[in-house]
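Just so it is clear, the values below take in all heavy atoms, side chains as well, and ignore hydrogens, waters and symmetry mates.
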Amino acid sequence: MRIGELAARAGVSVRSLRYYEEQGLLTSTRSASGQRHYTDVHIERVTFLQRMYAAGLSSRTITELLPCVDSPSEATSDAALERMAEERDRLSEHIEDLIRTREALDALMATNRAHRAGLKWTATG
């Protein structure tokens with residue numbers, strides 16, 4: 001199948017597929033005229049890549065995890081699990097930072113509300 005059909009069947013854009021190829025996450029064969037050709041196996045690969053991106057993983061991290069998919073073994077499985085745990089820890093730290101930022105914003109909003117309440121009291125008092 002050609003790139004447009006793969007995009008439609010996998011539910012992604014043609015641009016995404018080209019990006020996956022640029023990043024080395026997806027490969028295709030080329031016709032004599034240079035058109036990309038894919039098989040049904042590529043649909044599964046693209047679906048897998050989409051799941052990885054949805055989990056917040058970068059192209060670089062996905063590349064590090066692909067040996068577990070392409071050459072499954074106990075060693076590649078362990079390495080993939082360890083790498084995913086690192087990414088989960090990174091995300092947890094980011095979430096904690098976001099919570100602290102939200103709390104700081106909540107405090108500013110509370111200060112603003114108190115200030116506004118004081119202005120209303122002064123204006124009417």
Side-chain angles (χ1 to χ4, degrees):
M1 80 186 84
R2 292 179 32 194
I3 194 167
E5 183 179 352
L6 175 60
R9 291 180 63 187
V12 300
S13 67
V14 168
R15 184 175 181 213
S16 292
L17 295 177
R18 289 186 180 124
Y19 175 77
Y20 298 162
E21 283 203 38
E22 288 171 12
Q23 298 301 307
L25 303 172
L26 183 68
T27 58
S28 64
T29 56
R30 298 281 183 142
S31 68
S33 61
Q35 292 181 331
R36 294 171 172 93
H37 287 278
Y38 303 92
T39 65
D40 287 342
V41 171
H42 291 99
I43 297 169
E44 294 173 29
R45 177 71 163 221
V46 171
T47 301
F48 173 76
L49 294 173
Q50 287 293 297
R51 288 180 57 211
M52 301 292 267
Y53 280 115
L57 301 176
S58 67
S59 296
R60 183 183 332 150
T61 301
I62 294 170
T63 299
E64 293 173 22
L65 298 174
L66 286 178
C68 181
V69 176
D70 297 335
S71 304
S73 69
E74 190 173 334
T76 59
S77 179
D78 290 346
L81 187 57
E82 182 177 326
R83 186 65 180 98
M84 286 186 282
E86 290 170 2
E87 282 300 306
R88 187 178 190 290
D89 291 345
R90 184 188 61 79
L91 287 171
S92 293
E93 288 176 23
H94 186 61
I95 290 167
E96 290 168 9
D97 288 344
L98 288 171
I99 290 169
R100 282 190 293 275
T101 301
R102 183 184 63 195
E103 289 169 350
L105 183 57
D106 287 344
L108 287 173
M109 291 170 66
T111 300
N112 179 273
R113 286 186 188 105
H115 179 71
R116 277 193 71 190
L119 290 176
K120 286 182 181 179
W121 179 79
T122 303
T124 58

Q: Mind checking the CG-OG1 spacing from Leu65 to Thr61? Nearest 0.5 Å is all I need.
A: 6.5 Å

**Q.** Heavy-atom check, side chain of Arg30 versus side chain of Gln35, under 4.5 Å
**A.** no

Q: Taking all heavy atoms of Gly4 and all of Val14, pick out the closest pair and write down the distance.
A: CA-CG2, 4.1 Å

Q | Partner of Leu57 under side chain to side chain contact (heavy atoms under 4.5 Å, CB included), chosen from Leu91, Ile62, Thr63 | A | Ile62

(Q) Between the side chains of Arg83 and Glu86, is the shortest nitrogen-to-carboxylate-oxygen separation below 4.0 Å, so that they form an ion pair? (A) yes

Q.
For the CG atom of Asp89 and the CD atom of Glu93, what is their distance to the nearest 0.5 Å?
A. 7.0 Å

Q) For the side chain of Arg45 and the backbone of Leu25, is there at least one donor-acceptor N/O pair under 3.5 Å apart? A) yes

Q | Flag side-chain contact, heavy atom, 4.5 Å: Thr47 against Met52 | A | no

Q. Charged N to carboxylate O below 4.0 Å: is that the case for Glu22 and Arg18?
A. no

Q | Close side-chain approach of Leu17 to Arg36, heavy-atom, < 4.5 Å | A | no

Q: Calculate, to the nearest 0.5 Å, the distance between atoms CG and CD belonging to Leu49 and Gln23 respectively.
A: 11.0 Å

Q | Distance, nearest 0.5 Å, that separates OG of Ser92 from CD of Glu87 | A | 11.0 Å

**Q.** side-chain hydrogen bond (donor to acceptor under 3.5 Å, both in side chains) between Glu21 and Ser28, worked out
**A.** CA-CA 8 Å; Glu21 283 203 38; Ser28 64; 3.1 Å; yes

(Q) Counting the benzene-type ring for Trp, do Tyr20 and Tyr53 have ring centres under 6.0 Å apart? (A) yes

Q.
For Ala80 versus Cys68, what's the shortest heavy-atom pair and its separation?
A. CB-CB, 3.7 Å

Q) Which value, rounded to the nearest 0.5 Å, describes the distance between Arg102 atom CZ and Asp106 atom CG? A) 6.5 Å

(Q) Within the structure provided, determine whether Ser59 and Tyr19 are in side-chain contact (heavy-atom separation under 4.5 Å). (A) yes

Q. Can you find a pair of side-chain heavy atoms, one from Met1 and one from His37, that are under 4.5 Å apart?
A. no

Q. Any side-chain heavy-atom pair from Tyr38 and Thr29 closer than 4.5 angstrom?
A. no

(Q) How close do His42 and Leu6 get, counting heavy atoms only, and between which atoms? (A) C-CD1, 4.0 Å

Q: Output the distance between atom OG1 (Thr101) and atom NE2 (His94), rounded to the nearest 0.5 Å.
A: 8.5 Å

Q | pair Glu82-Asp78: side-chain heavy atoms closer than 4.5 Å | A | no

Q.
With a 4.0 Å cut-off on N to O distance, would you call Arg100 and Glu103 a salt bridge?
A. no

Q) Quick one: does Thr76's side chain have a donor or acceptor within less than 3.5 Å of a partner on Ser71's backbone? A) yes

